[in-house]
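Report on the structure given below.
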There are 2 protein chains.
Amino acid sequence: MATPGSDGIQAVDRAFDIVESLNDLDGAGVSELADHVDLPKSTVHNHLKTLERAEYVVRDGDEYRTSLKFLQLSETARTQQELYRVARSEVDQLAEKTGEISALMTEEHGRGVFLYRSRGSEAARIDTCVGDRVPIHCTALGKAILAFLPEGRRTEIIDRHGLSAVSPNTITDREVLAEELESVREERIAYDDEERLNGLRSVAAPILDGSGSVIGSISVAGPTHRMRGDRFETAVPETVLGIANVIELNLEHS
Amino acid sequence: MATPGSDGIQAVDRAFDIVESLNDLDGAGVSELADHVDLPKSTVHNHLKTLERAEYVVRDGDEYRTSLKFLQLSETARTQQELYRVARSEVDQLAEKTGEISALMTEEHGRGVFLYRSRGSEAARIDTCVGDRVPIHCTALGKAILAFLPEGRRTEIIDRHGLSAVSPNTITDREVLAEELESVREERIAYDDEERLNGLRSVAAPILDGSGSVIGSISVAGPTHRMRGDRFETAVPETVLGIANVIELNLEHS
DNA sequence: TGTATTGTTCCGCGATGATGAACGCTTATG
DNA sequence: CATAAGCGTTCATCATCGCGGAACAATACA
């Protein structure tokens, strides 16, 4: 509007708006959707018809749903990531060894994305799902990545997304974060002390490729009462580092 | 083209064409993509810019990739399916009990979609992935669904997709299929005797909801040399039926 | 250094997507 | 039972907006 033709193709933007709304609403009718995206019913209807013909949307009785074609898309998108193919089974092992939740993260558009997650026998109940996107500064996984990104990229990301507080312990000061990232670079280990979620602590290590660029990170997360003392400070970090090294080795030979 | 305004919104169709091509090509540059979808570079570029801004596409060095935002979409789409939430752990059990591959399927747009899959200890190596879409007439899972769909829907699907042969054993005759579906309705069990893949046999049962409509099916699949005789004809079918009943029960109370 | 690709920008034209009104239809409501 | 309110759908008009060719820039290659 303000900048005339500088934004993307409206029809496409709207189509994805509709798809996302459809997801948020757990399926919806034309009118409900039209109201939600603030567009005339006819426009929404036209989009739905198009999306249905392309099989990205499904009519389920009296409402529309997003189809499982997205499952197909995402599954190949994920499998294309070498990191996922290589790290997946190692993350399973990490969960099994520690009994806690283990996760695999990568970065996209300045946010952290959970690529995979595995639950050990003692694992806390689920709080995040595969595919979830979280602010990168408030998780051990994110900080492990952030620390090893090139300086330019790092400030670009922080400038764009800021350091919003998502829990009382979240680091919101650039100075403090910079210092912590410095120590992450030294130890190759990042910690999260209830910075995203009260009662949850985690330990993460970055995964670097052959050229030394970060391509993701792995972690172990558990309730604070189990993640403390020597276990939190030494045992778990060592295990995580060990698995990280195995993954990096496997990445080289493939 | 031939029918002027009767097809959907072109911009949206093209956007999805591009996304799919991007997936097929494992990431690509503008020119390569433009060539693949047979459109001018500038048009493709415009779409990519739009998709990137919406975070559905990512620039990875010198080429574009589909982003993991699709993972987020598909994960919520899948979790919205009550069938998935309820049946998932039962499918795990089915795999564990039999040692083979167990799968969960549902129907969309007349095709079978794998919603979930679990591997037992003896499981054959993977041949299909979650999200894959297969012709519905050539799998036990598909036939279990097809048999319990309303007459109208069934013929509509067969009319639309035909009965193409995907293996030497595939049923391609409507009469033959109709007879087999009749027996599926009686037994509540469908078989696949190498009809989709040479050397692979499977046994499936439909899942009906409270009102008696099919909402999916579950199966056990294994190599022909293990799936035969009494095991193929009695033992496995009984196990599958048992789990199917459990799932149906759980569906009622939720 | 020249050449052949690549990704990107620009702009005018004309197709085409957006729109509101109108149509059946089913479901609340008096 | 009649009326009204809501739904999804269709239609035709108009201005917009996406399209595409050509020009440009930035690289890789010989």
Side-chain angles (χ1 to χ4, degrees), chain A residues 1-22 25-67 109 152 211, chain B residues 1-22 25-67 109 150 152-153 156 211 213:
Chain A
M1 307 292 183
T3 45
S6 76
D7 33 49
I9 300 174
Q10 288 92 337
V12 175
D13 283 330
R14 288 178 168 185
F16 279 105
D17 271 359
I18 287 173
V19 168
E20 286 174 25
S21 296
L22 225 38
L25 298 171
D26 250 53
V30 176
S31 302
E32 189 183 355
L33 248 182
D35 182 58
H36 196 259
V37 298
D38 200 39
L39 285 173
K41 283 194 299 178
S42 53
T43 300
V44 172
H45 180 72
N46 197 10
H47 275 273
L48 285 174
K49 230 176 58 179
T50 303
L51 289 168
E52 191 188 9
R53 200 169 323 207
E55 304 200 356
Y56 282 98
V57 154
V58 151
R59 259 193 100 131
D60 202 356
D62 59 350
E63 59 178 29
Y64 291 91
R65 279 192 306 103
T66 53
S67 94
H109 292 283
S211 66
Chain B
M1 307 287 187
T3 45
S6 75
D7 32 49
I9 301 174
Q10 287 92 338
V12 175
D13 284 331
R14 288 177 169 187
F16 278 106
D17 271 359
I18 287 174
V19 167
E20 286 174 25
S21 297
L22 225 38
L25 299 171
D26 250 51
V30 176
S31 302
E32 188 182 356
L33 248 182
D35 182 59
H36 196 259
V37 298
D38 199 41
L39 285 173
K41 282 194 299 178
S42 54
T43 300
V44 172
H45 180 73
N46 197 10
H47 275 274
L48 285 174
K49 230 176 57 179
T50 303
L51 289 168
E52 191 189 8
R53 200 169 322 209
E55 303 200 354
Y56 283 98
V57 154
V58 152
R59 256 194 103 130
D60 202 356
D62 58 349
E63 58 179 29
Y64 291 90
R65 279 192 306 103
T66 53
S67 93
H109 292 281
R153 198 64 204 297
E156 182 191 323
S211 66
S213 326

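Convention: sequence-line order gives letters A, B, ...; per-chain numbering from 1.
By the 30° and 60° cut-offs, the orientation of the rings of A:Tyr56 relative to B:Phe16 is parallel.
A:Ser21 pairs by the side-chain contact (heavy atoms from CB on, under 4.5 Å) definition with A:Leu33, A:His36, A:Val37, not counting sequence neighbours. When the side-chain contact (heavy atoms from CB on, under 4.5 Å) test is applied to B:Glu32, the partners found at least two apart in sequence or on another chain are B:Leu25, B:Ala28.
Residue-to-nucleotide proximity on DNA chain D shows that, of B:Ala11 and A:His45, the 5′-proximal contact is made by A:His45.
Summary of helix geometry: the two end axes of the helix from C:dT1-D:dA30 to C:dA28-D:dT3, each defined by five base pairs via their C1' atoms, are inclined to each other by 40° (rounded to 10°).
Proximity of residues 57-67 of chain B to DNA chain D (heavy atom under 4.0 angstrom from any strand atom) is not detected for any residue. Using a 4.0 Å cut-off on heavy atoms, the residues of residues 29-36 of chain B that approach DNA chain C are B:Gly29, B:Val30, B:Ser31, listed by number.
A 4.5 Å side-chain heavy-atom check between A:Tyr64 and A:Val30 finds at least one atom pair inside the cut-off. Between B:Leu22 and B:Arg65, the closest side-chain pair of non-hydrogen atoms is not below 4.5 Å.
A close approach under 4.0 Å does not occur between any side-chain nitrogen or oxygen of B:Gln10 and OP1 or OP2 of C:dA15. Dashed line: the shortest gap from a side-chain N or O of A:His47 to OP1 or OP2 of C:dG17 is not under 4.0 Å.
In this structure, OG1 in A:Thr43 is found 6.0 Å from CZ in A:Arg14, a value given to the nearest 0.5 Å. With rounding to the nearest 0.5 angstrom, the CG atom of B:Asp26 is 9.0 Å from the OG1 atom of B:Thr66. Between atom CD1 of residue B:Ile9 and atom CD1 of residue A:Ile9 there is a gap of 12.0 Å, rounded to the nearest 0.5 Å. Atom-to-atom distance recorded for A:Ser42:OG and A:His47:NE2 is 10.0 Å, nearest 0.5 angstrom.
When the P atom of C:dT16 is taken as reference, atom CG of B:Asp13 falls 12 Å away, rounded to whole Å. Atom P of nucleotide D:dT10 and atom CG of A:Leu48 are separated by 12 Å, given to the nearest angstrom. Rounded to whole Å, atom P of C:dA18 lies 11 Å from atom CD1 of A:Ile9.
What you find for B:Lys41 and B:Ser31 is that their closest heavy atoms are CD-OG, 3.5 Å. When all heavy atoms of B:Val12 and A:Ala11 are compared, the pair lying nearest together is CG2-O, 3.6 Å. B:Glu52 and A:His109 get closest at one heavy-atom pair: O-CE1, 3.4 Å.
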TODO: Dump the intermediate steps for side-chain contact (heavy atoms from CB on, under 4.5 Å) on A:Asp17 and A:Asp13, then the final yes or no.
DONE: CA-CA 6 Å; A:Asp17 271 359; A:Asp13 283 330; 5.5 Å; no

Look for any protein N or O under 3.5 Å of an N or O in nucleotides 20-27 of chain D and output each such pair with its distance, or none.
residue: D:dG20; atom: OP2; partner: B:Arg14; partner atom: NH1; Å: 3.2
residue: D:dG20; atom: OP2; partner: B:Thr43; partner atom: OG1; Å: 3.1
residue: D:dG20; atom: N7; partner: B:Ser42; partner atom: OG; Å: 2.9
residue: D:dG21; atom: O6; partner: B:Ser42; partner atom: OG; Å: 3.1

